[in-house]
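All remarks here apply to the structure that follows.
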Amino acid sequence: MNIQDNYLKNKKNIFFTENEDVENHRKKLINIFEKDRFDKKNNESLKNVNLKNFLDFNYKYLVPEETSVINNNHDNSYSIVSVNGQCASFKDDKIEITKILDEDYNDFSKNDTIEKNDHFVNLNSLFLNSGFKIIIKKNNNIKIKISNIITDDDLTIFQKNNYICEDGSSLNLIEEFENKNNSTSNILNVIKLEKNSQLNHFLIQDNAPDHNLIITTHSSCKKDSIYNQKVYNFSEGYVRNFHYSELIETNSEADLQGIFFLKDNNTSNNKTFVKHLAENCKSNQVYKGILNDHSKATYFSNTHVDQEAQKTEGYQLSKGILLSDNASYFSKPELKIYADDVKCSHGSTIGPIDENAIFYLRSRGMSKIAATKILISSFINEELSSIDNEQMSEKIQKKLVRYLSQVK
Amino acid sequence: MFLEIQDLSVKIENKNILKGLNLNINKGEVHAIMGPNGCGKSTLANVLAGKEDYEILNGKINFKDNDLFDLNIEERAQEGMFLAFQYPVEIPGVNITPFLHSAINSKRKRMNEEEIDNLSFAKLLKSKASDLGINIDMLKRSVNTGFSGGEKKRYEILQMSILNPDLAILDETDSGLDIDALKIVTDGVNKLKTKDNSFLIITHYQKLLDYIKPDYVHVMVNGSIVKSGGSEIAVEIEKDGFQKFQ
Ligand SMILES: Nc1ncnc2c1ncn2[C@@H]1O[C@H](COP(=O)(O)OP(=O)(O)OP(=O)(O)O)[C@@H](O)[C@H]1O
Ligand SMILES: [Mg+2]
């Protein structure tokens with residue numbers, strides 16, 4: 001079935017179809033799809049993607065039901081179970097949670113570059129059927145944990161979440177994705193950091209082979225704000241983590257980190273696009289992967305430093321261990337610098353495990369397997385040991401042990 | 001026989017390195033090998049430790065009643081072989097203490113001995129380190145990472161004294177050590193020496209052999225041993241070089 005027919009068929013479950021502006025934009029998107037026909041050659045968003053999974057439209061929509069649970073634990077921490085992309089409304093003097101609104105549709109989705117280059121965001125805009133908006137009010141310090149649950153097989157969720165951290169607020173956000181069923185989540189997070197705010201965003205991904213997870217995040221940082229993202233991907237299904245970051249006012253910072261543990265035929269596609277638009281901003285990217293069997297990863301990284309953005313610091317680093325000859329990690333860091341007073345660098349080291357190190361460890365009596373495991377653990381030791389949340393750290397250690405148990 | 005190498009020929013990347021080498025070492029003996037750069041000393045050490053890059057063309061090696069080629073790298077170590085590397089490998093992120101702890105326990109396991117617990121191991125490590133003049137702070141670091149040349153060599157000897165091998169192969173452990181360190185390290189070796197263990201010492205300098213008295217000195221040239229004898233050979237080499245052996 002083509003996109004347009006699909007859209008018409010499912011229209012009753014799609015958000016904001018009454019809104020004329022939204023509908024006009026969607027017409028435009030449908031045209032783009034018809035014209036472009038998902039040409040893989042020139043589109044990084046489609047590399048390593050099994051299109052059949054996403055274009056054989058067999059989407060099943062549930063009429064959104066508010067089955068989610070919000071728990072205010074009274075110590076400024078909240079836990080949310082988001083079911084099929086839905087979250088119940090909630091309000092107190094520190095945070096406010098509502099459904100996603102018409103007025104939030106335009107945020108990021110309506111954007112020339114995206115329309116041209118990122119068809120998964122376009123699909124998200126077109127088929128949007130869930131999502132929520134969370135506002136952290138001024139000067140509050142909040143912790144939120146969200147468990148993202150998909151209830152049914154064959155379900156596709158197109159979800160858009162908006163986060164707004166007001167002036168001086170700080171949010172520690174842990175999101176868990178541990179889905180077992182045959183389903184697809186296409187999630188767009190649009191994050192706004194107001195002056196002097198901070199968001200530490202952790203994404204723990206551990207889905208079964210039949211679950212596809214497509215996460216796109218857009219963050220924009222105002223003066224003195226910090227966006228920090230850490231992704232731990234243990235999924236056996238397809239995962240894409242794309243990140244678009246804009247440092248729009250001075251002294252703001254984006255720190256992006258992705259670690260992935262792949263095996264079998266898993267794929268992890270990573271892309272970052274960081275725009276430095278103001279002076280004195282920092283961006284730091286580290287993408288590390290361990291790849292076994294026939295697994296594949298990509299890291300397309302683009303750091304753009306605007307003419308205005310003097311005193312920028314921008315770093316990109318990718319590292320990979322290939323545990324099998326059939327695994328591949330394609331890394332393509334790019335820097336476009338239009339200012340003259342900047343510190344930027346990129347580096348990439350991807351290759352098989354260090355045989356000399358293995359020999360050294362074994363020559364002390366350690367088995368080959370133990371030596372391999374200890375080298376893998378040491379490869380990501382710095383990132384994992386810096387996790388300062390004990391519960392999360394334990395959880396990730398457990399997943400690491402599980403991953404290591406299949407390394408031969 | 002403790003270690004018996006018969007007619008060993010080895011090549012790497014189409015280059016013959018060891019050419020019909022013979023060497024016998026008995027329990028309790030100290031043997032030294034001297035030879036010009038590139039003659040194959042480290043190759044011999046690596047082949048004994050089990051490094052897999054080499055092609056064994058011919059020969060037999062017997063170690064403690066095992067056919068050495070039947071044992072993989074870690075089994076050789078667990079059977080009591082130890083190689084102090086000429087160029088110890090830096091392994092960032094792998095902490096020294098747990099690594100050595102796990103190494104000693106895998107050896108004990110194979111020997112059907114009881115594993116050593118954390119606390120006793122920490123004590124053992126601390127006391128051995130202080131014997132060798134190794135700062136306790138260094139034990140918190142990653143294996144060889146950022147160590148100076150001399151620190152790496154001391155750390156090799158620390159590992160040796162912890163693992164207490166039956167056959168220790170020291171590949172130019174003296175190179176890069178200052179005179180005080182040389183004394184400390186050789187003291188460490190002498191302390192470990194019993195009538196039940198053996199040493200194979202590769203060196204370029206007779207000086208080392210003043211500290212560790214060898215029972216035999218062998219001259220290795222172009223992949224085989226061309227002369228064997230006592231300490232007097234080392235003195236001869238120190239004086240005249242390898243010219244006359246070639
Ligand atoms: N991976 C390799 N590929 C090709 N040639 C090699 C390789 N490893 C060693 N060789 C060669 O084998 C020969 C013997 O090397 P080896 O390291 O055993 O010498 P050595 O006697 O230990 O020398 P030195 O006294 O300098 O330490 C050298 O010519 C060296 O270049
Ligand atoms: Mg050598």
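Lettering follows sequence order; numbering is per chain, from 1.
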Task: Closest-packed option against chain B by number of heavy-atom pairs under 4.5 Å, given A/Ser385, A/Ala370, A/Ala357 - done: A/Ala357

Open item on the list: Do the side chains of B/Lys152 and B/Glu90 get close enough for a salt bridge, i.e. N-O under 4.0 angstrom?
Closed with: yes

Open item on the list: For B/Pro98, which atoms come within 4.5 Å of any heavy atom of chain A: side chain, backbone, both, or neither?
Closed with: neither

- [ ] State plainly whether the residues B/Asp166 and B/Lys64 are in salt-bridge range, i.e. N to O under 4.0 Å.
- [x] yes

- [ ] Determine, for A/Lys395 against A/Glu176, whether the closest basic-nitrogen to carboxylate-oxygen distance falls under 4.0 angstrom.
- [x] yes

Open item on the list: Between B/Phe63 and B/Phe2, does the ring-ring contact (aromatic ring centres under 6.0 Å, His included) criterion hold? Intermediate values first, please.
Closed with: CA-CA 6 Å; B/Phe63 174 57; B/Phe2 188 69; 5.6 Å; yes

Task: Side chain / backbone / both / neither for B/Glu52 at chain A, heavy atoms under 4.5 Å - done: side chain

Open item on the list: Does any backbone or side-chain atom of A/Asn356 lie under 4.5 Å from a heavy atom of chain B? Answer side chain, backbone, both or neither.
Closed with: both

Task: Most chain B-contacting option - heavy-atom pairs closer than 4.5 Å, from A/Ile374, A/Asp354, A/Leu375 - done: A/Ile374

Open item on the list: Which atoms of A/Ile380 are under 4.5 Å from chain B, going by heavy atoms: the side chain, the backbone, both sets, or neither?
Closed with: neither

Task: Polar side chain donor-acceptor pair, A/Gln316 to A/Ser301, under 3.5 angstrom - done: yes

- [ ] For the pair B/Glu114 and B/Arg108, find out whether any cationic side-chain nitrogen is under 4.0 Å from an anionic carboxylate oxygen.
- [x] no

Open item on the list: Please classify the contact between B/Asp53 and chain A as side chain, backbone, both or neither, with a heavy-atom cut-off of under 4.5 Å.
Closed with: neither

Task: Part of B/Lys51 within contact of chain A (heavy atom distance under 4.5 Å) - done: both

